[in-house]
Amino acid sequence: MTDRALFDAIVVGAGFSGLMAARRLRAAGRRIRVLEARSCVGGRVRAAQLAGHAVDVGGQWMGAGHERLATLAAEAGARLVPQYVEGKHLLQIGDRVRRFSGVIPPASPVALAEAALAMRRLDRLKRRVLADAPWEHEHAERLDAMTLGQWRRRWVRSRGGRTLFDAASRAIFCAEPAQISMLGFLQYLRANRSLDYLVETTNGAQAFMVEGGMQRLARWLAETMDDVVQADAEVAAVTQGSDEVEVRLSNGETYRARRVIMALAPSATAAIGMTPVSAERVQLAQGLPMGSVIKCAVAYPRAFWRDAGLSGELISNRSPLSPVFDASPADGTIGVLVGFIAGYLAAQYSGDESARRAAVLDGLANAFGPEAAQPLDYVDYDWTIDAYSHGCYVGVPSPGTLTRVGPALRQPTGRIHWAGTETATEWTGYIEGALQSGERAASEVDAALVGASGRGADG
């Protein structure tokens, strides 16, 4: 079917950014439609069944200070479950497993001194970077030409220090330090408080989970808007005219709107034919590739690691799964460990599910003991081969991208506006950032519609 009615706005993508943009526009009285290529809403949030329980195999955590997401959870009546942190964490380097407390894993005195010095340097550097305009830094071009790996080679020289630094890089970006622009890394730190915040649990980015899974919030948000969201609606082309935009689906259906919001990662827009589109947007799609990650969840009859005084948190350079967290349901009916195969390892383990499962269980058994090799259930999701995201968690800024085409991240292209967590000016990379970007894009569209008609929501 082709809908020839003229919408005020069409939102492409029903992740949290698109859903929030739609909610704001609908509240303003706008006639809207949300087009989602997948059969479900949520975008980079995804649910799976594990031993009869819903688990997150996509975006999972709400960080401390993520107020938009906290408000959404309260409105939906969703219970927030604090991340389990009781007990000691595990650090595995080679075959050696050590217990530790706090944020900084045990290391040699040299490595610890280097880590402390590097953290101070990063903190000083990121203070001078604007989260919404990192390209305006006085040394932006030099920092953008440098990779995080090059910076690490200069300031972190011990083997132990580099191992921990690389583990943190993979945990945050699902990419190797050599792939990440130093300016992009500093911008990410500025948008998300600090490196400490990004790797922390209780007072950091992994503070809370949603009981029943994060996707339930996306479903609830979509349900509050009646039949606005259309699933299985893959957009093939977006064509701008002088006073409207035509959106064509891969099945031939077409829609018309005064404005369009592309609520997708920049790299995901490359598969959509947009006419006209700026050269900067094309380069953004190329220069912000997604991180590489496979998320795994393993269920056990009980959280046996808690009996041993462990939190379930693991950092390892031996296991393909790192980091690992306790994601057991609040009712204690089963124990669940959740972790990530990230960076170059994701490509190595993509494709062979049985080999991946065996490697994950072997890695967990080496760290937590033989009981970890006898799971009740196992599930994973390979985001590197996801048909629409092509990776997770976030677009990784390649060297030279931000200074060359960064300002195009949020700048409307004619009647096309841009949302998605990559465009957020705070909490970039997180669901909170996605929500913030949706609010901004909706405000842009509503202001443009008011300006064009002079009659407000009826124009």
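All residue numbers in this chain count up from 1 along the given sequence.
No side-chain donor from either of S350 and R356 sits under 3.5 Å from a side-chain acceptor of the other. In this model, a donor atom of one side chain and an acceptor atom of the other lie less than 3.5 Å apart for E234 and Y388.
Note: L91 CG to S316 OG = 8.0 Å, rounded to the nearest 0.5 Å. The distance from the CG atom of D232 to the CG atom of L35 is 11.5 Å, given to the nearest 0.5 Å. Here the CZ-CD1 distance, from R170 to I341, works out to 13.0 Å after rounding to the nearest 0.5 Å. Atoms CG and CG, on L69 and L435 in that order, are 6.0 Å from each other to the nearest 0.5 Å. Here L25 contributes atom CG and M225 contributes atom CE; the two are 10.0 Å apart, rounded to the nearest 0.5 Å. With values rounded to the nearest 0.5 angstrom, R128 atom CZ is found 11.5 Å from R190 atom CZ.
Residues L189 and S194 are not in side-chain contact: their nearest non-hydrogen atoms beyond the backbone lie 4.5 Å or more apart. L148 places none of its side-chain heavy atoms less than 4.5 Å from the side chain of Q179. Two residues are said to be in side-chain contact when any heavy atoms from C-beta on lie closer than 4.5 Å; I431 and H66 fail this criterion. Side-chain contact check for D386 versus Y381: some heavy-atom pair is nearer than 4.5 Å. Between D377 and V298, the closest side-chain pair of non-hydrogen atoms is not below 4.5 Å. With contacts defined as side-chain heavy-atom distances shorter than 4.5 Å, the pair R306/Y84 qualifies. With contacts defined as side-chain heavy-atom distances shorter than 4.5 Å, the pair Q187/P397 does not qualify. In this structure the side chain of L364 reaches within 4.5 angstrom of the side chain of L321, judged on heavy atoms.
Nearest heavy-atom pair across T201 and V85 is OG1-CG1, 3.3 Å. Between R23 and L72 the shortest heavy-atom distance is NH1-CD1, 3.9 Å. Heavy-atom minimum distance, A367 versus V97: O-CG1, 4.0 Å. Here the closest heavy-atom approach between residue S437 and residue S17 is recorded as OG-CB, 3.4 Å. Residue A178 comes nearest to T147 through the heavy atom pair O-CG2, 3.5 Å, listed as atom of the first residue, atom of the second, then distance. Taking both residues in full, the closest heavy atoms of V336 and I334 are given as CG2-CD1, 3.7 Å, listed atom of the first, atom of the second, then distance.
Side-chain atoms of N192 come within 3.5 Å of backbone N or O of T428 as a donor-acceptor pair. With S398 contributing its side chain and G287 its backbone, the two residues share a donor-acceptor pair below 3.5 Å. Checked by atom type and distance alone, the side chain of E422 pairs as donor or acceptor with a backbone atom of G395 at under 3.5 Å. In this structure, D8 contributes its side chain and R31 its backbone to a donor-acceptor pair below 3.5 Å. Of the possible donor and acceptor atoms, none in the side chain of E211 sits under 3.5 Å from a partner among the backbone N and O of A78. Looking only at distances, no side-chain donor or acceptor of Y255 sits under 3.5 Å from a matching main-chain atom of R248. Using a distance-only test at 3.5 Å, with no hydrogens or angles considered, no donor-acceptor pair links the side chain of S181 to the main chain of L402. Remark: side-chain polar atoms of Q215 are paired, donor with acceptor, to backbone N or O of V41 under 3.5 angstrom. Side-chain atoms of T421 come within 3.5 Å of backbone atoms of G429 as a donor-acceptor pair (strictly under, hydrogens ignored).
Within the structure, the ring-ring contact (aromatic ring centres under 6.0 Å, His included) test picks out the following pairs touching residues 196-228 (sequence neighbours left out): Y197-W427. Among residues at least two apart or in separate chains, ring-ring contact (aromatic ring centres under 6.0 Å, His included) pairs with a member in residues 34-65 are W61-F325.
Residues F340 and Y393 bring their aromatic ring centres within 6.0 Å.
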Begin from the C-alpha positions of S319 and Q92 and carry the test side chain to side chain donor-acceptor pair (under 3.5 Å) through to its verdict. CA-CA 8 Å; S319 169; Q92 183 179 42; 5.4 Å; no
For a side chain to side chain contact (heavy atoms under 4.5 Å, CB included) check, start with the C-alpha distance between R68 and M20, then their side-chain angles and the critical distance, and finish with the verdict. CA-CA 10 Å; R68 295 175 183 84; M20 178 55 78; 5.6 Å; no
F368/L310 under side chain to side chain contact (heavy atoms under 4.5 Å, CB included): CA gap, chis, key distance, verdict: CA-CA 9 Å; F368 289 98; L310 298 174; 4.0 Å; yes
Apply the test side chain to side chain donor-acceptor pair (under 3.5 Å) to residues R38 and S389: give CA-CA distance (whole Å), side-chain angles for both, the deciding distance (0.1 Å), then the verdict. CA-CA 10 Å; R38 296 179 171 90; S389 293; 2.8 Å; yes
Test side chain to side chain donor-acceptor pair (under 3.5 Å) applied to K88 and S101, step by step: CA-CA 5 Å; K88 300 285 188 178; S101 300; 3.0 Å; yes
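Ring geometry for W151 versus W155: interplanar angle of 30 to 60°, hence tilted. Ring planes of F185 and F173: tilted class, angle from 30 to 60°.
A salt bridge does not link D56 to R46: none of the charged side-chain nitrogens sits closer than 4.0 Å to a carboxylate oxygen. Salt-bridge formation is not detected for the pair R259/E444: no Lys NZ or Arg NE/NH1/NH2 atom is positioned less than 4.0 Å from an Asp or Glu carboxylate oxygen. Using a cut-off of 4.0 Å between Lys/Arg side-chain N and Asp/Glu carboxylate O, D307 and R302 are scored as salt-bridged. Note on D382 versus K295: no salt bridge recorded, every NZ/NE/NH1/NH2 to OD/OE distance being 4.0 Å or above. Under 4.0 Å is where a charged nitrogen must lie from a carboxylate oxygen, and between R162 and E176 no such pair does. Remark: R24 does not engage D446 in a salt bridge, criterion side-chain N to carboxylate O under 4.0 Å. Ion pairing between D132 and R410 fails under the 4.0 Å rule for side-chain N and carboxylate O.
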Using distance only, find each side-chain donor-acceptor pair of residues 117-124 under 3.5 Å and give its atom names and separation, not counting sequence neighbours.
| unit_1 | atom_1 | unit_2 | atom_2 | d |
| --- | --- | --- | --- | --- |
| D123 | OD2 | R127 | NE | 3.1 |
| D123 | OD2 | R127 | NH2 | 2.5 |

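With F7 as the aromatic partner, R33 does not meet the cation-pi criteria of under 6.0 angstrom to the ring centre and within 45 degrees of the ring axis.
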